[in-house]
Amino acid sequence: MSARNRRLPRHRAWPLTTTDISESLGPCMTRVTDLAFLTGHDSGTLVLGVEWVAPNPRNYGRGVHPDMVGFRIDVHPVDATERAAIRAVLRAQALPELRAWITRATAAGETWRMADHQHYWRMADGRCTAAPGR
């Protein structure tokens, strides 16, 4: 993404690109309904998140639009000076784990698929750790 269109302060950068994620996920990418590069406040150590959006009704009997059901991936900005190091770790560790998580979720039973689920990856001291969400 070009610097002009990136909507981030100069000292911030996204550690991954759309190409990084697409190449890593391969055919699983077809199940991703939203890929967002976040621009908001500092996420702390959080660098990558994935959420399964279930087809459960959220508003008194009305269902969720079918286009919303699926996986949503969020890429959080990091310090620009640490981008290259974080990118290498995410490509080596987090993206294969992301693909495995999506593969397992796709094969999960109906009970699992009827509830929302989240999973996150954090970077601290040069190490990437995965943490389940809700």
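Keep in mind it's a predicted model, so treat the numbers as computed, not measured. One-based numbering along the sequence shown.
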Kindly compute the distance separating CZ (R104) from OG1 (T106), expressed to the nearest 0.5 Å.
-> 10.5 Å
Check step by step if side-chain contact (heavy atoms from CB on, under 4.5 Å) holds for L98 and L25.
-> CA-CA 8 Å; L98 173 63; L25 293 183; 4.0 Å; yes
Kindly determine whether V50 and W121 satisfy side-chain contact (heavy atoms from CB on, under 4.5 Å), including the steps that lead there.
-> CA-CA 9 Å; V50 63; W121 286 266; 3.9 Å; yes
Aromatic ring pairing W112/H117, orientation class (parallel under 30°, perpendicular over 60°, tilted between) | parallel
Derivation and outcome, side-chain contact (heavy atoms from CB on, under 4.5 Å), residues V47 and V75 | CA-CA 6 Å; V47 291; V75 179; over 6 Å; no
Residue pair F37 / T18, side-chain heavy-atom distance below 4.5 Å | yes
If you round to the nearest 0.5 Å, how far is CZ of R99 from CD of E23?
-> 12.0 Å
Any chance you could lay out the side-chain contact (heavy atoms from CB on, under 4.5 Å) test for V69 and W52, step after step, and finish with the verdict?
-> CA-CA 8 Å; V69 175; W52 164 253; 4.0 Å; yes
Beyond-backbone contact of P9 with R12, side-chain heavy atoms, under 4.5 angstrom = yes
Return the minimal non-hydrogen interatomic distance between P96 and A92, and the atom names on each side.
-> CG-O, 3.5 Å
Is there a donor-acceptor pair under 3.5 Å between the side chain of D116 and the backbone N or O of A54?
-> yes
Taking C-beta and beyond as the side chain, do L48 and Y120 meet within less than 4.5 Å on heavy atoms?
-> no
Do M114 and P55 come close enough that some side-chain heavy atom pair is under 4.5 Å?
-> yes
Pairwise side-chain contact, M29 with I21, heavy-atom cut-off 4.5 Å (strictly under) = yes
Is the closest side-chain heavy-atom distance between V78 and M123 below 4.5 Å?
-> no
In this structure, CD of Q118 is separated from CD of E51 (nearest 0.5 Å) by 4.5 Å
Mind listing the closest non-hydrogen atom pair of T17 and R83 along with its distance?
-> CG2-NH2, 3.9 Å
Smallest separation among heavy atoms of A36 and R72, with atom names | CB-NH2, 4.3 Å
Can you name the nearest heavy-atom pair linking C28 to T103, along with the distance?
-> SG-OG1, 3.6 Å
Linking I/L/V/M/F/W/Y whenever any side-chain heavy atoms sit under 4.5 Å apart, do L38 and I73 land together?
-> no
Straight-line distance of T45 OG1 to H76 NE2, nearest 0.5 Å = 10.0 Å
Determine the minimum heavy-atom distance between A13 and L8, stating which atoms define it.
-> CA-CD1, 3.9 Å
Euclidean distance, F71 CZ relative to L35 CG, rounded to 0.5 Å = 14.0 Å
d(L95 CG, L16 CG) to nearest 0.5 Å is 5.0 Å
